[in-house]
Amino acid sequence: MFRNLEFNPEQVTDYIRRWFAQMRDAATGESLEAALAQSENSRLKELIQNPLRLWMLCQIWQTGGGLPETQAGL
């Protein structure tokens, strides 16, 4: 059986920074961090502690999508 371990908030931030640095688009990563900081959606913050869901969020944000409101939206 395989199970992803959850990221803590510092690991989420580090992952976002590294993801967008690798894409050579640090400004987009900073805008995602700012949007997450302003987001009132605590459920989304819980969802992205999962590495796979965080990867999906970075993909969505990079293509110009906004913050999803639900797990299904992600």
- With a 4.5 Å heavy-atom cut-off, do Leu32 and Leu57 have their side chains touching? yes

- Task: Report yes or no: does Gln11 contribute a side-chain atom to a donor-acceptor pair with the main-chain N or O of Asn8 at less than 3.5 Å?
- Result: yes

- Donor-acceptor under 3.5 Å (Trp19 side chain, Gly29 main chain): no

- Ring geometry between Tyr15 and Phe7 (parallel below 30°, tilted from 30 to 60°, perpendicular above 60°): tilted

- Do you reckon Met56 sits in the same ILVMFWY cluster as Trp61, going by side-chain contacts under 4.5 Å, direct or chained? yes

- Message: Are Leu52 and Ile16 connected into the same hydrophobic cluster when the rule is that any two of I, L, V, M, F, W, Y join if their side-chain heavy atoms are below 4.5 Å apart?
- Response: yes

Enter the distance from [X]:[atom1] to [Y]:[atom2] here, rounded to the nearest 0.5 Å.
{"X": "Gln22", "Y": "Arg24", "atom1": "CD", "atom2": "CZ", "answer": "8.5 Å"}
{"X": "Lys45", "Y": "Leu54", "atom1": "NZ", "atom2": "CG", "answer": "13.5 Å"}
{"X": "Gln49", "Y": "Leu44", "atom1": "CD", "atom2": "CG", "answer": "10.5 Å"}
{"X": "Asp25", "Y": "Ser31", "atom1": "CG", "atom2": "OG", "answer": "8.0 Å"}

Where [X] and [Y] come nearest, the two heavy atoms and their spacing:
{"X": "Leu67", "Y": "Ala35", "answer": "CD1-O, 3.7 Å"}
{"X": "Leu74", "Y": "Arg53", "answer": "CD2-CB, 3.6 Å"}
{"X": "Pro68", "Y": "Gly73", "answer": "CB-C, 3.6 Å"}
{"X": "Ile60", "Y": "Gly66", "answer": "CG2-O, 3.7 Å"}

